[in-house]
Amino acid sequence: MKVLNEESDRMVVEITNETHTICNILRKRLMSQDEVKAAAYDITHPLVGQPEFEVYSDNPRESIKTASETIKNEAIDFKEALIKGFE
C-alpha cells in the first residue's frame, strides 16, 4: 500500500497488486463506520491499473486500520467455521 495523498479528513492510497475483491470488502467495512463520510475506489485500467482508494473521515488513517482489523477478524472466523464444517 502506498499513500498518495493525506489530509486531516481525506486520504488517498494505492493498494498494489489487489483487485475488486479486497477493495469492495474494505469499502463496505469503511462505510459501516459512523465517522466515515465516504469511501470509494477506482481501478483506471482493468489489466494493469492499481486500485486507488479514497476515504473521507475524521481520521482516515484510523478508519482504514479499524476496517482492516475487522476484515482480518472476519477472515479468521470464516477459516475456523470452514475447518469445523469439514471435520
Side-chain angles (χ1 to χ4, degrees):
M1 191 168 88
K2 178 175 148 185
V3 176
L4 301 177
N5 187 343
E6 186 171 9
E7 300 167 22
S8 63
D9 64 345
R10 177 180 173 265
M11 181 179 256
V12 180
V13 295
E14 179 181 273
I15 304 176
T16 53
N17 300 320
E18 290 299 339
T19 63
H20 291 284
T21 304
I22 292 295
C23 291
N24 271 322
I25 195 163
L26 179 59
R27 182 188 59 77
K28 287 182 180 187
R29 295 307 171 264
L30 280 163
M31 290 305 297
S32 71
Q33 298 175 34
D34 291 335
E35 66 274 3
V36 174
K37 297 169 186 78
Y41 73 93
D42 185 36
I43 301 175
T44 57
H45 190 282
L47 298 176
V48 295
Q50 299 297 322
E52 286 189 14
F53 216 98
E54 191 167 357
V55 179
Y56 289 86
S57 171
D58 296 335
N59 186 340
R61 185 176 288 264
E62 202 55 42
S63 296
I64 292 171
K65 287 179 185 178
T66 300
S68 298
E69 278 296 317
T70 301
I71 294 167
K72 177 183 164 187
N73 292 333
E74 289 173 346
I76 290 168
D77 292 346
F78 177 73
K79 178 183 173 185
E80 289 171 357
L82 189 66
I83 291 168
K84 185 176 180 180
F86 284 120
E87 289 178 343

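None of these values were measured; they are calculated from a predicted model.
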Could you check Thr44 against Glu52 for side chain to side chain contact (heavy atoms under 4.5 Å, CB included), going step by step and ending with a plain yes or no? CA-CA 8 Å; Thr44 57; Glu52 286 189 14; 5.7 Å; no
What I want to find out is whether Lys37 reaches Asp58 closely enough, with some N-O distance under 4.0 Å, to be called a salt bridge. yes
Gap separating the CG atom of Asn24 from the CD atom of Glu18, nearest 0.5 angstrom: 12.0 Å
Could you state the interatomic distance from CD1 (Ile22) to CZ (Arg27), rounded to the nearest 0.5 Å? 13.5 Å
Report yes if some heavy atom in the side chain of Lys28 is under 4.5 Å from a heavy atom in the side chain of Leu26; otherwise report no. no
Looking at CG of Leu30 and OG of Ser68, how far apart are the two atoms once the value is rounded to the nearest 0.5 Å? 7.5 Å
Please report the interatomic distance OG1(Thr70) to NZ(Lys65), rounded to the nearest 0.5 Å. 14.0 Å
Strictly distance-based, threshold 3.5 Å: is any side-chain N or O of Glu54 a donor or acceptor partner for the main-chain N or O of Ala39? no
Joint cluster assignment, Val36 & Ile25, ILVMFWY side-chain distance < 4.5 Å: yes
Quick check: is Ile83 connected to Phe78 through a chain of hydrophobic side chains (ILVMFWY, heavy atoms under 4.5 Å apart)? no
Going hydrophobic residue to hydrophobic residue with side-chain gaps under 4.5 angstrom, can you get from Val48 over to Ile15? no
Report yes if the side chains of Lys2 and Gln50 come closer than 4.5 Å at any heavy-atom pair, otherwise no. no
Do other residues, nucleotides or ligands put more than 12 heavy atoms under 6.0 Å from Arg61 CZ? no
To the closest 0.5 Å, what do you measure between OG1 (Thr66) and CD (Glu69)? 8.0 Å
Side-chain donor/acceptor of Glu14 to backbone N/O of Met1, under 3.5 Å: no
Which is it for Met11 and Asn5 under the side chain to side chain contact (heavy atoms under 4.5 Å, CB included) test, yes or no, and what are the steps along the way? CA-CA 6 Å; Met11 181 179 256; Asn5 187 343; over 6 Å; no
Of all the heavy-atom pairs spanning Ser8 and Pro60, show the shortest one and how long it is. O-CD, 3.4 Å
CG/Asn59 to CD/Glu35 distance, rounded to the nearest 0.5 angstrom? 8.5 Å
Partner of Phe53 under side-chain contact (heavy atoms from CB on, under 4.5 Å), picked from Val13, Leu4, Val12, is Val13
